[in-house]
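One structure is given here, and the rest of the page talks about it.
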Amino acid sequence: MADVSAGHREWRVTGMDCGSCAAKVRGAVERLPGVEDVDVALMAERLRLTLDETQTPPESIEEAVRGVGFGIAPKGARPVKPKGGFVLPDGAFPDAAESSETDSETGDMDEPADDAPSSWMKSSKGRLVLGTGALLAAAWASRLVLPAEIAHWAFVLATLVGILPVAQRAFAMTRAGMPFTIEMLMTIAAGGALIIGEPEEAALVVFLFAVGELLEGVSAGKARDSIRALSKLVPKTARLEVGSKTREVAAEELQVGQIVQVRPGDRVPCDGEVMSGTSGVDESPVTGESVPILKEPGAEVFAGSINAEALLRVRVTKTAEDNTIARIVRLVEEAESARAPTERFIDRFSRIYMPAVVGAALLVAVVPPLAFGLAWGEWVYRALALLLIGCPCALVISVPASITSALSTGARNGLLMKGGAVIEATARTTRVAFDKTGTLTHGKPRVTDVAVLSGREEDLLALAAGVESGASHPLGQAICAEAERRGVDAAAATGGRALPGKGAEASIEGATVCVGSPRLADERGALKDDLRTRVSALEADGKTVVIVLCDDVPMGLIALRDEPRADAADAVTQLRKLGITSVMLTGDNPRTAQAIAEGLGIEHRSELMPEDKVTAIRDLTADARVMMIGDGINDAPALAAAHVGVAMGSGTDVALETADAAILRNRVTDVPAKIRLARATMSNIHQNIAIALGLKAVFLVTTVLGITGLWIAILADTGATVLVTMNALRLLFFRPSGAPESKERVSPTTEEPRSDHSAATT
């Protein structure tokens, strides 16, 4: 049981370039007493843990992280440079290229400081590469014009300058309980090469290692830049209305309910609702939609879009930390905590592999000379080369490099997945289950028929609108909209309540009025044969029917129709081509469900209550890997029950929080796009593992046989790391939907309303 004095703490850690760096930070703090639940996020540059400050003060956490060569500071503060003065990874102190302030909770990433380096050459790793490269070139040049003894010492100097910072980090990590690191292997190999009289190879090895480290930093920076680019879509300032005047304020300070003015050409500073003004809004920087969308009073706009034509007055509906862009960035950052099973396996494997390589190198160094009288120098040399080629760097980064690139590509395309585990599960999907309303359909039904059994149509609409007043379900909203269109005032209602999956009821003038599904009317004994016939005829046309009951006496019925999304049939076809079958799960009646399903070419199950959807998902998971797509409150349990739960962007916050992934644009074709991205990622991971292990297997053999030496070993190791990194970066240019990259960016379209599915049939 956790100590009551323990609490959650969070820091920003800079200088992490790959999964190995994150593992070093994790290892440095895990060994401290009172530390639990350590979570290190590479992309977010974040360290979270549960800390019992009676055993370990926060200062000790910071000291441990700085001790292994990384910058650290509490969230919101500026990272502090590690002690020791040696060259550190990029971003390990404030003047590094990745030193822009990051608030990982809100997802805000500010611009880099003015003194931030403008290129890799000004970063610490860049300076190390240039320095060691210059010294190596000078040593080679000196060999041409100076005596061999002097040239020898030039190579020694080049080696020592390059290996010193590496050795300092190696010994710091050893003190932290992590002796088997690439830094330690490099230190041993370079030092051993000097001892046996091979300074030229040692200097070349150190230079190639520095190049590999630099490339890792560049790749990590590219992945972070793609996330920072999202944050930059939101303007820094907003024109806030204060009385009859306007003043400029920071966009991050806007509060819900305030009114801002958005002039033509300005970016919208917040998620909000248009209060006045009519203008085309260019959403292409965010959604990729090339045609400006007309925004009128009542329309929703989101941060980052561009007002193209006329002045708009917008009421703020979400604070800066909760707007669309912030939510995207936050979900991508949080995704790092859910590591893929493959990644976890490789982490466990590398912990055994590293000591095994060191042991094997030791045997190679001592057994042949002692047992067979062979030359010590030759076999020590081979053992040093074996140490370098045996380094698991490429293997360790093979999974996180691909996952990071995939998460970044997904974010740009509105396809969020909460971590590597979700990507791996998505790639294995064999069946997709869709909710209907708001997912396969627009979620914008309209009233098509009003049939009264007693009284006038206006009275029937007034009763129905009174019960559904304030409803969040699309059917209830459609009824209220129809009443408003006809100029019918909603009846005054009290005690309104939802009947999940069935309808809603309220008290009007002392009578209990219910607007519900035919199934509810049947349960209350109000569905007589003649009414059942009329309902069946409407449902045969693909319409959804609700019956208005007054004290369980039917007053009339209202028919509505919700058309499928234009891309729904195409999405089902694409899934079929991927070898994936689809099924529609809905609470709607069988006839309406069948009409929709037949038009889409999809299986269906109808009249499902929320708990029935969970049962259906469990049935499907018995013999398939199931992905569930939904958007409402009543979809949340089913999303949680599936192997992968995906929330549509127009869905409720409950659905988005419950789901493993999200589609931030209301496009059904993004479902196959998400699966294509996941499959491409897993294919990329398998390629990376094959590259890493294949090269090592070849060069381990050639090294032991004496065919390849030190510089070939480090070239092979660095080459494997570079190949794995470059292969992973290919995912940054992957097009999940097949559309041009410039047209595929982030955020939901604002054409769809939210839906809870809590007020009527689904």
(message) Please find the pair of heavy atoms, one from V422 and one from A661, that lie closest to each other, and give the distance.
(response) CG1-CB, 4.3 Å

(request) Look at the side chain of D52 and the backbone N and O of V35, then say whether any donor-acceptor pair between them is shorter than 3.5 Å. (result) no

(request) Taking the side chain as every heavy atom from C-beta outward, state whether V38 and T50 have any pair of such atoms under 4.5 Å apart. (result) no

(request) Taking only Lys NZ, Arg NE, NH1 and NH2, and the carboxylate oxygens of Asp or Glu, determine whether R26 and D39 approach each other closer than 4.0 Å. (result) no

(message) Between S683 (side chain only) and R679 (backbone N and O only), is there a donor and an acceptor less than 3.5 Å apart?
(response) no

(request) Only counting residues at least two apart or in another chain, list the ones meeting side-chain hydrogen bond (donor to acceptor under 3.5 Å, both in side chains) with W140. (result) E200

(message) If we ignore hydrogens and angles and just use 3.5 Å, is the side chain of S405 paired with the main-chain N or O of L731 as donor and acceptor?
(response) no

(request) Would you please name every residue forming a side chain to side chain contact (heavy atoms under 4.5 Å, CB included) with L705, sequence neighbours left out? (result) V701, I707

(request) I would like to know whether V626 and T429 meet side chain to side chain contact (heavy atoms under 4.5 Å, CB included); could you show each step before the answer? (result) CA-CA 6 Å; V626 178; T429 297; over 6 Å; no

(request) Could you list the residues that satisfy side chain to side chain contact (heavy atoms under 4.5 Å, CB included) with L695, not counting sequence neighbours? (result) I691, F699, A720, L723

(message) Using side-chain heavy atoms (C-beta onward) and a distance below 4.5 Å, is R730 in contact with N684?
(response) yes

(request) Answer yes or no: is there a side-chain heavy-atom contact under 4.5 Å between P74 and E10? (result) no

(message) Within this structure, what is the NZ-CZ distance for the pair K24 and F70, rounded to the nearest 0.5 Å?
(response) 6.0 Å

(message) Within the 4.5 Å heavy-atom criterion, are E36 and L49 side-chain neighbours or not?
(response) no

(request) Could you tell me which residues satisfy side-chain hydrogen bond (donor to acceptor under 3.5 Å, both in side chains) with T702, sequence neighbours excluded, listed by chain and number? (result) T708

(request) List for me each residue that meets side chain to side chain contact (heavy atoms under 4.5 Å, CB included) alongside V161, sequence neighbours excluded, and say none if there are none. (result) L135, L157

(message) Please find the pair of heavy atoms, one from A64 and one from L32, that lie closest to each other, and give the distance.
(response) CB-CD1, 4.1 Å

(request) Decide yes or no for I403 and I685: does some side-chain heavy atom of the first lie under 4.5 Å from some side-chain heavy atom of the second? (result) yes

(message) Between K674 and L416 (side chain of the first, backbone of the second, donor and acceptor by atom type, cut-off under 3.5 Å), is there such a pair?
(response) yes

(message) Check this for me: Q687, atom CD, are more than 12 non-hydrogen atoms of other residues, nucleotides or ligands nearer than 6.0 Å?
(response) yes

(request) Could you grab the distance from atom CD of E424 to atom OG1 of T681, nearest 0.5 Å is fine? (result) 11.0 Å

(message) Can you confirm whether more than 12 heavy atoms, excluding those of W376, are under 6.0 Å from its CH2 atom?
(response) yes

(request) With sequence neighbours excluded, tell me which residues meet side-chain hydrogen bond (donor to acceptor under 3.5 Å, both in side chains) with T174. (result) none

(message) So, using side chain to side chain contact (heavy atoms under 4.5 Å, CB included) as the criterion, who are the partners of A673 when residues are at least two apart?
(response) L415, D670, R676, P736, S737

(request) Just do the side chain to side chain contact (heavy atoms under 4.5 Å, CB included) check on T426 and M417 with the steps written out, would you? (result) CA-CA 9 Å; T426 299; M417 288 178 276; 4.0 Å; yes

(message) Distance check, rounded to the nearest 0.5 Å: T187 atom OG1 versus I163 atom CD1?
(response) 4.5 Å

(request) Determine the minimum heavy-atom distance between A28 and R31, stating which atoms define it. (result) O-NE, 3.5 Å

(message) Do V129 and F207 make a side-chain contact, defined as non-hydrogen atoms from C-beta onward lying under 4.5 Å apart?
(response) yes

(request) Could you grab the distance from atom CH2 of W379 to atom CG of L374, nearest 0.5 Å is fine? (result) 6.5 Å

(message) Rounded to the nearest 0.5 Å, what separates atom CG in L677 from atom CD1 in I423?
(response) 6.5 Å

(message) So does P33 get a backbone contact from the side chain of T56, meaning a donor-acceptor N/O pair under 3.5 Å?
(response) yes

(request) Could you check if a side-chain atom of R46 sits within less than 4.5 angstrom of a side-chain atom of V13, using non-hydrogen atoms only? (result) no

(request) Please examine the side chains of V724 and N688, heavy atoms only from C-beta on, and report whether any two atoms are closer than 4.5 Å. (result) yes

(request) Quick one: pull up CD in E62 and CH2 in W11 and give me the separation to the nearest 0.5 Å. (result) 6.5 Å

(message) Taking salt bridge (Lys or Arg N to Asp or Glu O under 4.0 Å) as the cut-off, I'd like each qualifying pair that reaches into residues 366-386, sequence neighbours left out, listed once.
(response) E378-R382

(message) Tell me every residue that passes salt bridge (charged side-chain N to carboxylate O under 4.0 Å, His left out) with R175, counting only those two or more places apart in sequence or in another chain.
(response) none

(request) Quick one: list whatever passes salt bridge (charged side-chain N to carboxylate O under 4.0 Å, His left out) with R9, sequence neighbours left out. (result) E53

(message) Can a donor-acceptor pair be found, under 3.5 Å and without considering hydrogens, that links the side chain of S142 to the backbone of A151?
(response) no

